[in-house]
Q: 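Handing you a structure now.
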Amino acid sequence: ESCGHIRISVPIVRLGDPVTASCIISPNCSKLDQEPQILWRLQDGPEQPGDRQRRLHDGSQESTITLPHVNHTKAFLSCLVPWANSFQVLDQAELQAGYPPASPSNLSCLMYLTTNSLVCQWEPGPETYLPTNFTLKSFRSRADCKYQKDSITDCVPKDRQNTCSIARKHLILYQNMVVWVQAENVLGTSESPKLCLDPMDVVKLEPPVLQVLDMNPELVPRQPGCLWLSWKPWKPGEFIAQECELRYQPQFGGANWTLVSHLPSSEDQFKLCGLHQAPVYTLQIRCIRSPLPGLWSSWSPSLQLRPT
Amino acid sequence: PLPWPQSFLLKSLEQVRKIQTRNSELLEQLCATYKLCHPEELVLLGHSLGILQAPLSRCSIQALQPTKCLSQLHSGLFLYQGLLQALAGISPEVAPTLDMLQLDVANFATTIWQQMETLGVAPTVQPTQSTLPTFTSAFQRRAGGVLTVSHLQTFLETAHCALNHLV
């Protein structure tokens with residue numbers, strides 16, 4: 001049976017808040033003086049007496065101390081008694097301090113056609129110094145996202161990432177769903193703003209593969225400053241109606257891009273002319289779901305081409 | 001009849017193309033894996049298993065009745081959703097594609113059902129699945145898969161024409 005035991009009002013507090021602890025020394029702790037002075041030590045600080053020490057009705061001694069502002073995120077609070085020229089530690093308690101989670105922000109989601117999953121990411125907000133759990137929550141809805149139809153299984157991120165992937169079987173494509181992030185630790189809970197989205201409206205499209213055609217001069221007379229191009233849509237997104245835009249720039253410092261918009265998503269032969277400013281041009285293409293809502297793909301890898 | 005909203009038509013067309021792509025993938029896998037490449041050779045078996053074409057008469061261009069077409073579309077999709085479920089366990093190779101196809105068909109059925117609700121033509125009670133075929137052999141299940149998917153492909157071609165016609 002140990003001689004002393006610490007009790008803490010709340011083991012985890014908000015940084016800067018006070019905490020009160022008491023240490024009780026049982027009367028049958030034979031090796032100690034009858035009424036030893038109970039001391040406290042925070043981390044490796046100086047030993048200090050409690051605010052008050054009193055004898056309880058059962059003969060045990062109780063010392064109480066209030067730390068006005070806890071400013072360690074983790075600290076050990078020890079209860080000691082003087083012993084010969086030193087001290088004896090009778091008990092030790094771990095103090096933790098931190099903050100309740102702020103609302104996660106910048107929640108965004110992308111639907112990946114290759115993995116058939118909706119991946120959402122967010123910013124967790126300032127450090128809380130406490131174990132904080134983030135959960136991606138969602139439910140199915142109707143057009144306006146006001147009413148909850150049925151909820152979807154919570155998505156718990158893997159090892160403290162700020163991203164989570166909702167599997168295809170939980171999704172109803174072409175229907176709106178509401179998504180948000182909940183953050184929780186012992187000091188509180190918070191939620192991000194809610195997103196209302198149809199997974200198919202946030203498909204992560206990949207750009208087409210842009211190719212240059214080597215036209216037979218007997219069939220197609222050579223025209224100075226022209227290029228023949230072709231492109232095919234990214235296969236997993238082939239079923240999605242898209243429109244594309246092409247950009248090109250002469251290969252010299254400070255040149256501007258020229259944009260060719262409203263192009264089809266698939267083109268077997270596209271003639272691009274007017275390329276007289278430089279021997280070599282850089283070309284890229286990107287696409288977006290259209291006319292239905294969607295997100296631009298990234299630009300395709302650059303092609304360095306030499307016009308005729 | 002009320003015109004169908006543009007976004008509904010465009011989304012439905014996209015869903016049809018999505019399912020058709022998946023369908024072709026599954027047919028190719030069934031052909032490559034089990035050498036069952038000609039659905040027309042399985043008509044007899046189809047009758048004995050009760051795997052028939054879902055009717056889409058009201059969606060044919062010649063006799064297009066939009067509201068009744070919606071209802072037939074939903075009933076057909078609902079039937080194929082059930083048939084695809086009955087095919088679960090065909091084989092590990094095709095299972096992933098089959099799962100995705102089933103989800104895509106189910107989601108398209110939801111899109112159609114919601115449009116019927118919006119137009120006020122949805123029955124008060126969701127349909128219940130009719131009796132599905134029981135397969136007594138691995139061959140029957142694979143052949144049933146080829147039949148179901150090829151019927152679905154035909155079904156979708158008709159649906160695509162009707163939807164395109166209405167865009």
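Chain identifiers are assigned alphabetically (A, B, ...) following the order of the sequence lines, protein sequences preceding nucleic acid strands; residue numbering begins at 1 within each chain. This is a predicted model, so every value here is computed, not measured.
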Q: Which residues, numbered in order, of residues 98-107 of chain B come under 4.5 angstrom of chain A by heavy-atom distance?
A: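 When heavy atoms of chain A are the reference, residues 98-107 of chain B contributes B/M100, B/L103, B/D104, B/N107 within the under-4.5 Å range.
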Q: Determine the minimum heavy-atom distance between A/L173 and B/Q15, stating which atoms define it.
A: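 That closest heavy-atom pairing would be O-NE2, 4.3 Å.
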Q: Go through B/T111, B/T21, B/I19, B/L10 and name the one with the most non-hydrogen pairs under 4.5 angstrom from chain A.
A: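 That would be B/L10.
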Q: Would you say that more than 12 heavy atoms from the other residues, nucleotides or ligands in this model lie under 6.0 Å from the CG of A/N216, or not?
A: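 Counting neighbours around CG of A/N216, more than 12 heavy atoms of other residues, nucleotides or ligands fall under 6.0 Å, so yes.
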Q: Evaluate whether atom NZ of B/K68 has more than 12 neighbouring non-hydrogen atoms of other residues, nucleotides or ligands under 6.0 angstrom away.
A: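 Atom NZ in B/K68 is not packed in, count stays at 12 or less.
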Q: So for B/Q114, is it side chain, backbone, both, or neither that comes closer than 4.5 Å to the heavy atoms of chain A?
A: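 Both backbone and side chain.
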Q: For a side-chain contact (heavy atoms from CB on, under 4.5 Å) check, start with the C-alpha distance between A/D198 and B/K11, then their side-chain angles and the critical distance, and finish with the verdict.
A: CA-CA 11 Å; A/D198 166 358; B/K11 281 184 181 181; 3.5 Å; yes
Q: Given heavy-atom pairs under 4.5 angstrom as the criterion, report whether the side chain, backbone, both or neither of B/T110 touches chain A.
A: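 For B/T110, heavy atoms of backbone and side chain both lie under 4.5 Å from chain A.
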Q: Counting only non-hydrogen atoms closer than 4.5 Å, does B/E117 touch chain A with its backbone (N, CA, C, O), its side chain (CB onward), both, or neither?
A: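 Answer is side chain: those atoms of B/E117 sit under 4.5 Å from chain A.
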Q: Verify the neighbour count for atom NZ of A/K235: are there more than 12 heavy atoms of other residues, nucleotides or ligands below 6.0 Å?
A: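 No.
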Q: Tell me whether the count of non-hydrogen atoms from other residues, nucleotides or ligands lying under 6.0 Å of CD1 in B/I61 goes above 12.
A: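 More than 12 within 6.0 Å, yes.
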Q: Inspect the surroundings of CD in A/E218 and state if more than 12 heavy atoms from other residues, nucleotides or ligands are less than 6.0 Å away.
A: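 No, CD of A/E218 has 12 or fewer neighbouring heavy atoms, counting only those of other groups under 6.0 Å.
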Q: List for me each residue that meets ring-ring contact (aromatic ring centres under 6.0 Å, His included) alongside A/W228, sequence neighbours excluded, and say none if there are none.
A: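 For A/W228 there are no ring-ring contact (aromatic ring centres under 6.0 Å, His included) partners, ignoring immediate neighbours.
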Q: To the nearest 0.5 Å, tell me how far A/F239 CZ sits from B/R17 CZ.
A: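 Going from the CZ atom of A/F239 to the CZ atom of B/R17 covers 8.5 Å.
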Q: Salt-bridge test for A/R289 and B/E14: reply yes if a basic N is under 4.0 Å from a carboxylate O, no otherwise.
A: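 Here A/R289 pairs with B/E14 in a salt bridge, since their nearest N and O are under 4.0 Å apart.
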Q: To the nearest 0.5 Å, what is the distance between CG (B/L13) and CG (A/L292)?
A: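 Going from CG on B/L13 over to CG on A/L292, the span is 9.0 Å.
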